[in-house]
Amino acid sequence: MEYAGIGGFIVLVLNIWAIVSIIGSSASTGSKVLWTLLVLVLPVVGFIVWLIAGPRAARAAI
């Protein structure tokens with residue numbers, strides 16, 4: 001079975017989710033650029049660091 005392909009796809013989906021959340025956050029533009037670069041350059045480690053310490057997406061007002 002192709003476990004490496006499935007693992008790579010999961011990492012890709014998680015990184016896309018992280019980047020969308022970073023862009024939607026209320027952080028400064030410079031901070032968004034740095035977080036996005038971290039997630040792109042170090043996909044697994046960058047995602048874990050972002051998950052722990054990254055900016056959160058802005059909540060929609062109801």
Side-chain angles (χ1 to χ4, degrees):
M1 299 188 102
E2 190 69 32
Y3 291 111
I6 294 170
F9 179 71
I10 291 170
V11 169
L12 175 67
V13 170
L14 291 175
N15 284 338
I16 290 172
W17 173 60
I19 291 169
V20 169
S21 294
I22 291 167
I23 292 171
S25 72
S26 60
S28 67
T29 303
S31 178
K32 289 179 185 182
V33 169
L34 291 175
W35 277 111
T36 303
L37 286 174
L38 180 69
V39 170
L40 289 174
V41 172
L42 302 170
V44 176
V45 175
F47 174 76
I48 293 170
V49 172
W50 168 81
L51 195 60
I52 294 169
R56 301 292 177 235
R59 302 249 179 202
I62 296 176

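Remember, it's a predicted structure, so these values are computed and weren't measured experimentally.
Partners of I48 under the side chain to side chain contact (heavy atoms under 4.5 Å, CB included) rule, at least two apart in sequence or in another chain, are V44, I52. Evaluation of the side chain to side chain contact (heavy atoms under 4.5 Å, CB included) rule for L42 yields L38, V45 as partners, not counting sequence neighbours. Residues satisfying the side chain to side chain contact (heavy atoms under 4.5 Å, CB included) criterion with I23, sequence neighbours excluded, are I19. For I10, the side chain to side chain contact (heavy atoms under 4.5 Å, CB included) partners at least two apart in sequence or on another chain are I6, L14.
In this structure, NZ in K32 is found 11.5 Å from OG in S21, a value given to the nearest 0.5 Å.
In the hydrophobic cluster analysis, where Ile, Leu, Val, Met, Phe, Trp and Tyr join through side-chain heavy atoms closer than 4.5 angstrom, V11 is grouped apart from F9. One hydrophobic cluster, built from ILVMFWY side chains closer than 4.5 Å, cannot hold both V33 and I22; they sit in different ones.
Minimum heavy-atom separation, V39 to G46: CG2-O, 4.0 Å. The nearest pair of heavy atoms linking G54 to W35 is CA-CZ2, 3.6 Å.
Aromatic ring orientation, W50 versus W17: perpendicular (interplanar angle above 60°, classes split at 30° and 60°).
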